[in-house]
Amino acid sequence: MRFHVLFSPFNYTDLGAPGPSAADVIVFHDQLQQSGKTVGDEVGSCVLVDPQGLANCTGVVRLDKRGTIAYSFVNSPPPHKVLAVTGGSGQFRTARGDGTLDENGDGTGTLVLRLQD
């Protein structure tokens with residue numbers, strides 16, 4: 001599955017030492033599109049583990065009334081992320097696989113999920 005991502009504004013909570021540091025949290029709620037139509041969204045959070053931006057992230061994709069797909073990834077400043085699909089619900093209740101998230105640098109990106117049967 002391939003989606004065009006419209007990223008939400010950056011939501012950052014500074015919980016550790018002032019400035020980027022371990023324990024700070026980023027939350028997101030992004031729109032997912034295919035062929036120019038919104039088909040779902042993704043919500044999630046990242047917890048920073050160091051001041052350079054390395055973070056542990058989890059997210060859930062909601063696809064209209066079809067179900068959800070959960071994933072996790074290690075986030076770091078480069079725009080290419082590798083995801084592990086960790087489960088799902090509804091039509092995707094046996095979801096497993098992997099994927100990628102690529103940021104374009106303009107508030108958009110591409111999410112690709114490769115689900116195994």
Side-chain angles (χ1 to χ4, degrees):
M1 291 187 279
R2 185 181 189 88
F3 303 96
H4 176 71
V5 182
L6 300 175
F7 292 112
S8 62
F10 194 71
N11 293 294
Y12 176 84
T13 303
D14 193 351
L15 296 174
S21 64
D24 292 353
V25 177
I26 299 166
V27 296
F28 56 91
H29 180 202
D30 307 326
Q31 299 303 304
L32 301 177
Q33 297 182 333
Q34 291 178 322
S35 301
K37 293 177 58 177
T38 299
V39 295
D41 61 357
E42 64 178 344
V43 297
S45 61
C46 299
V47 177
L48 268 64
V49 298
D50 72 26
Q52 288 72 40
L54 185 65
N56 174 21
C57 302
T58 59
V60 178
V61 169
R62 293 189 303 178
L63 296 176
D64 294 330
K65 297 178 183 178
R66 296 170 58 196
T68 63
I69 301 168
Y71 62 83
S72 62
F73 65 99
V74 174
N75 191 25
S76 58
H80 178 75
K81 323 296 185 202
V82 177
L83 314 174
V85 173
T86 59
S89 68
Q91 179 182 338
F92 309 106
R93 68 185 171 280
T94 60
R96 60 190 175 105
D98 63 8
T100 56
L101 175 63
D102 290 288
E103 301 169 356
N104 296 330
D106 63 358
T108 69
T110 302
L111 172 65
V112 176
L113 298 175
R114 292 177 295 276
L115 302 181
Q116 298 177 355
D117 295 328

Is there side-chain contact between L115 and M1, with heavy atoms separated by less than 4.5 Å? yes
Quick one: does any side-chain atom of D50 pair with a main-chain N or O of Q52 as donor and acceptor, under 3.5 Å? yes
Distance-only polar pair, side chains of T68 and S89, donor-acceptor under 3.5 Å: yes
Are L111 and F7 co-members of a hydrophobic cluster defined by side-chain heavy atoms under 4.5 Å apart? yes
Quick one: does D30's side chain have a donor or acceptor within less than 3.5 Å of a partner on S8's backbone? yes
Within one Ile-Leu-Val-Met-Phe-Trp-Tyr cluster: L15 and V27, side-chain cutoff 4.5 Å: yes
ILVMFWY cluster, V39 and F92 together (side-chain gap under 4.5 Å): yes
Hey, what do you get for CZ (R93) to CD1 (I69), rounding to the nearest 0.5 Å? 13.0 Å
I need the E42 CD to Q31 CD distance, nearest 0.5 Å. 9.5 Å
Quick one about T110 and D102 (side-chain donor to acceptor, distance below 3.5 Å, no hydrogens or angles considered), yes or no? no
Let me confirm one number: the CG-CG distance from L54 to L48, rounded to the nearest 0.5 Å. 8.0 Å
Answer whether the closest heavy-atom distance between the side chains of T108 and L6 falls below 4.5 Å. yes
Validation row: Y71, C57 side chains within 4.5 angstrom (heavy atoms): no
Under 3.5 Å, side chain of N11 to main-chain N/O of P9, donor-acceptor pair present? yes
Same apolar cluster: F28 and V5, side chain cutoff 4.5 Å: yes
Answer whether the closest heavy-atom distance between the side chains of Y12 and V25 falls below 4.5 Å. no
Residue pair S72 / T86: nearest heavy atoms and the distance that separates them: OG-CG2, 3.7 Å
I need the E103 CD to N75 CG distance, nearest 0.5 Å. 6.5 Å
With the side chain counted from C-beta on, respond yes when Q34 and F3 share a heavy-atom pair under 4.5 Å apart, and no when they do not. yes
Specify the closest pair of heavy atoms between T38 and Q33, including all atoms of both residues, with the distance to one decimal. OG1-NE2, 3.6 Å
State the CG-CG distance between L113 and L101, to the nearest 0.5 angstrom. 9.5 Å
Taking atom CZ of R2 as the centre, does the number of heavy atoms from other residues, nucleotides or ligands within less than 6.0 Å exceed 12? no
Which atoms form the tightest heavy-atom contact between V82 and F73, and what is the distance? O-CB, 3.2 Å
So how far is it from D98 CG to L83 CG, rounded to the nearest 0.5 Å? 8.0 Å
Quick one: does any side-chain atom of K81 pair with a main-chain N or O of S76 as donor and acceptor, under 3.5 Å? yes
